[in-house]
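The next block holds one structure in the form of structure tokens; read it before the comments.
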Amino acid sequence: MQSRPQSPQGTWLRAFAGAVALLLTAPASLAQQPGSDDAAQQAFNNSCRTCHSVKEGDNRLGPNLNKIVGRKAGSLPNYNYSSSMKEAGFVWDQDKLTRFMVKPDEVVSGNKMQPYGGVSAEEAAKVVAYLQAASR
């Protein structure tokens, strides 16, 4: 039995179909970014994304939040922090960041996130989880 020579179109079509099949059968974890959690990202999008980015150097109305956990408050270059944030004198940790999102004035009185109503402690914890995962 002789096989017929394959046309370039037929070869391309089979390769394309194989690639599509591979993408459709790949585990969902491969399609997601490492550490991403849909609920945590949604919490960030709902509460923070209008003013903040997680992309390094992408300062908006608020400073970028890339690697915020472990960063000294008010220390990012190229962002015009309030004097109270510049003088806060602490490093952001999970607890302080969560409390700041819930009641910002209780953590840094006179901050520029006004009039910001805060979020629930549960939503804030999701946002912190997202920020940590996105900063890896």
Side-chain angles (χ1 to χ4, degrees):
M1 173 193 247
Q2 282 187 325
S3 63
R4 292 182 16 200
Q6 295 183 14
S7 71
Q9 289 175 333
T11 303
W12 178 87
L13 187 57
R14 267 190 294 292
F16 178 76
V20 169
L22 180 63
L23 288 173
L24 292 175
T25 59
S29 61
L30 293 178
Q32 297 177 357
Q33 292 183 358
S36 72
D37 172 23
D38 291 341
Q41 183 172 5
Q42 190 64 46
F44 173 82
N45 290 346
N46 292 343
S47 302
C48 311
R49 187 178 70 179
T50 299
C51 300
H52 297 278
S53 169
V54 293
K55 183 179 175 191
E56 186 175 2
D58 186 11
N59 296 325
R60 298 178 180 183
L61 184 57
N64 79 75
L65 301 177
N66 183 271
K67 298 181 181 176
I68 184 74
V69 176
R71 181 194 310 158
K72 184 176 186 269
S75 67
L76 254 185
N78 303 319
Y79 184 75
N80 186 25
Y81 290 99
S82 65
S83 58
S84 38
M85 186 62 77
K86 287 179 190 174
E87 297 165 4
F90 64 81
V91 171
W92 291 111
D93 61 20
Q94 292 174 329
D95 178 61
K96 190 145 321 241
L97 195 53
T98 299
R99 289 188 300 119
F100 183 74
M101 284 186 272
V102 174
K103 293 187 178 179
D105 278 333
E106 288 184 9
V107 177
V108 181
S109 180
N111 68 77
K112 288 176 30 175
M113 280 200 355
Q114 304 303 323
Y116 176 75
V119 298
S120 70
E122 181 181 326
E123 287 296 298
K126 289 178 186 177
V127 170
V128 171
Y130 173 73
L131 292 174
Q132 289 182 298
S135 295
R136 290 185 184 145

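Everything numeric in this text was worked out from a predicted model, so none of it was measured.
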**Complete:** Note: Asp105 and Gly110 closest approach over all heavy atoms is OD1-N, 3.6 Å

**Closest approach of Lys67 to Ser135 (non-hydrogen atoms, all atoms of both residues)** = N-OG, 2.7 Å

**Request:** State, yes or no, whether a side-chain contact exists between Asn59 and Leu76 at a heavy-atom distance under 4.5 Å.
**Result:** yes

**Fill in**
Distance col, row Asp93:CG vs Thr98:OG1, nearest 0.5 angstrom, shows 8.5 Å

**From CZ (Phe100) to CG (Asp95), nearest 0.5 Å** = 13.5 Å

**Complete:** By salt bridge (Lys or Arg N to Asp or Glu O under 4.0 Å), Arg71 pairs with (sequence neighbours left out) none

**Message:** Given 3.5 Å as the limit, does a donor-acceptor pair link the side chain of Lys112 with the main chain of Asn80, or not?
**Reply:** yes

**Item:** Val91-Tyr81 co-clustered via ILVMFWY side chain contacts under 4.5 Å
**Value:** no

**Message:** Once rounded to the nearest 0.5 Å, what's the spacing between atom CD of Glu123 and atom OG of Ser47?
**Reply:** 6.0 Å

**Heavy-atom pair of closest approach, residues Asn66 and Ala134** = ND2-O, 4.5 Å

**Fill in**
The salt bridge (Lys or Arg N to Asp or Glu O under 4.0 Å) partners of Arg49 (sequence neighbours excluded) come to none

**Item:** Minimum heavy-atom distance Val128-Gln94, with the two atoms named
**Value:** CG1-CG, 3.9 Å

**Message:** I'd like to check Leu97 versus Leu131 (side-chain heavy atoms, cut-off strictly below 4.5 Å). Are they in contact?
**Reply:** yes

**Request:** Taking the side chain as every heavy atom from C-beta outward, state whether His52 and Met113 have any pair of such atoms under 4.5 Å apart.
**Result:** yes

**Asked** Between Asp37 and Ala129, is there a donor-acceptor pair closer than 3.5 Å when you use the side chain of the first and the backbone of the second?
**Response** no

**Asked** Is the side chain of Ser53 donor-acceptor paired with the backbone N or O of Asn64 at a distance under 3.5 Å, no angle test?
**Response** no

**Fill in**
Taking every heavy atom of Trp92 against every heavy atom of Lys72, the minimum-distance pair comes out as CD1-C, 4.4 Å

**Request:** Return the minimal non-hydrogen interatomic distance between Val127 and Phe44, and the atom names on each side.
**Result:** CG2-N, 3.7 Å

**Message:** For Ala125, is there any backbone N or O sitting under 3.5 Å from a side-chain donor or acceptor partner on Tyr130?
**Reply:** no

